[in-house]
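Read through the structure below, which is laid out as structure tokens, and then see the notes.
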Amino acid sequence: MVGYLFSAAAYALLLAVCLTLWRRRLAGSGLAGAIGMQLAWSAVLTAQLRGVAVPVGIVIAAEYFRSLAWGLALTRCLGRTSDPQAVRVAQRVLAVVAVLAVLVLLWALGSLLPGRPESLVRDLERYWLWGAFSLAIGGLVLVEQVARNTRSAHLWQLKYVWLAIGGLYA
């Protein structure tokens, strides 16, 4: 629990810095949204480990939205490269992964409805992993595409960023 609490505090600080100091350089990059979703994810998991009754659908939604936000930031980063083929591949991968994630997410949110059928809850517990798996694979493909299409002058500087985002997806 302490790790998620420190994670939430670190992401809150990083989000504050991102929104105040680097506003001009990061406009439209999606980085602030990804950091915000990472903060929300850490807060949800901290609350769950603290003993708050957080529904499974909320935990799954936080996980999916975190992955989709990082995918959007990577796609926008890839959109700045000169290779239009790589941009189309990244957009297709993100679209397929987003559709799969939204379907499982709707299924998850349906389990929060009062009077929900028990079969829906059982199916959610059985199939939510496939949505997370598809998000992870799609995210790793996006990290790989961004790494391949980065200018050679920036390869060494961005190595740790790719490793960090790849680690989030892995």
Side-chain angles (χ1 to χ4, degrees), residues 1-50 52-80 87 89-112 124-125 127-147 150 158 160-170:
M1 178 185 78
V2 174
Y4 288 122
L5 189 61
F6 282 139
S7 171
Y11 281 115
L13 180 64
L14 185 60
L15 183 62
V17 168
C18 184
L19 291 175
T20 57
L21 297 179
W22 298 333
R23 178 173 285 186
R24 285 182 226 130
R25 289 193 314 183
L26 296 177
S29 69
L31 190 59
I35 293 171
M37 286 310 304
Q38 192 75 35
L39 171 63
W41 174 79
S42 295
V44 165
L45 290 181
T46 301
Q48 184 185 32
L49 290 174
R50 182 80 182 163
V52 176
V54 179
V56 175
I58 298 297
V59 176
I60 292 171
E63 183 76 32
Y64 283 7
F65 283 136
R66 175 187 71 112
S67 295
L68 286 173
W70 280 111
L72 178 65
L74 286 171
T75 304
R76 287 186 175 172
C77 182
L78 189 60
R80 295 179 181 160
V87 174
V89 167
Q91 288 172 343
R92 287 180 187 151
V93 167
L94 188 64
V96 168
V97 168
V99 166
L100 291 174
V102 166
L103 288 175
V104 176
L105 184 63
L106 289 175
W107 206 341
L109 294 178
S111 71
L112 299 176
L124 173 64
E125 291 171 353
Y127 297 120
W128 74 269
L129 186 60
W130 290 107
F133 181 70
S134 64
L135 282 168
I137 296 298
L140 289 173
V141 168
L142 286 172
V143 169
E144 184 263 340
Q145 286 294 316
V146 171
T150 299
L158 295 174
Y160 296 110
V161 173
W162 302 325
L163 288 172
I165 297 174
L168 286 173
Y169 278 115

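Not measured: the values here are computed from a predicted model.
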For [X] and [Y], work out which heavy atoms get closest and say how close.
X: Ala136; Y: Tyr169; answer: CB-O, 3.3 Å
X: Ala69; Y: Gly33; answer: CB-O, 4.0 Å
X: Ala73; Y: Ala34; answer: CB-CB, 4.4 Å
X: Gly139; Y: Leu74; answer: O-CD1, 4.1 Å
X: Leu19; Y: Ala32; answer: CD2-CB, 3.8 Å
X: Val143; Y: Trp162; answer: CG1-O, 3.8 Å

Donor-acceptor check, side chain of Tyr64 to backbone of Leu135, threshold 3.5 angstrom: yes or no? no

Mark yes or no for whether Ser7, through its side chain, and Gly3, through its backbone, hold a donor-acceptor pair below 3.5 Å. no

Looking at [atom1] of [X] and [atom2] of [Y], how far apart are the two atoms once the value is rounded to the nearest 0.5 Å?
X: Leu15; Y: Gln38; atom1: CG; atom2: CD; answer: 11.5 Å
X: Leu168; Y: Leu140; atom1: CG; atom2: CG; answer: 10.0 Å
X: Phe65; Y: Ile60; atom1: CZ; atom2: CD1; answer: 12.0 Å
X: Ile137; Y: Leu142; atom1: CD1; atom2: CG; answer: 11.5 Å
X: Ser134; Y: Leu129; atom1: OG; atom2: CG; answer: 9.5 Å

Indicate yes or no: at least one non-hydrogen side-chain atom of Ile165 is less than 4.5 angstrom from one of Tyr160. no

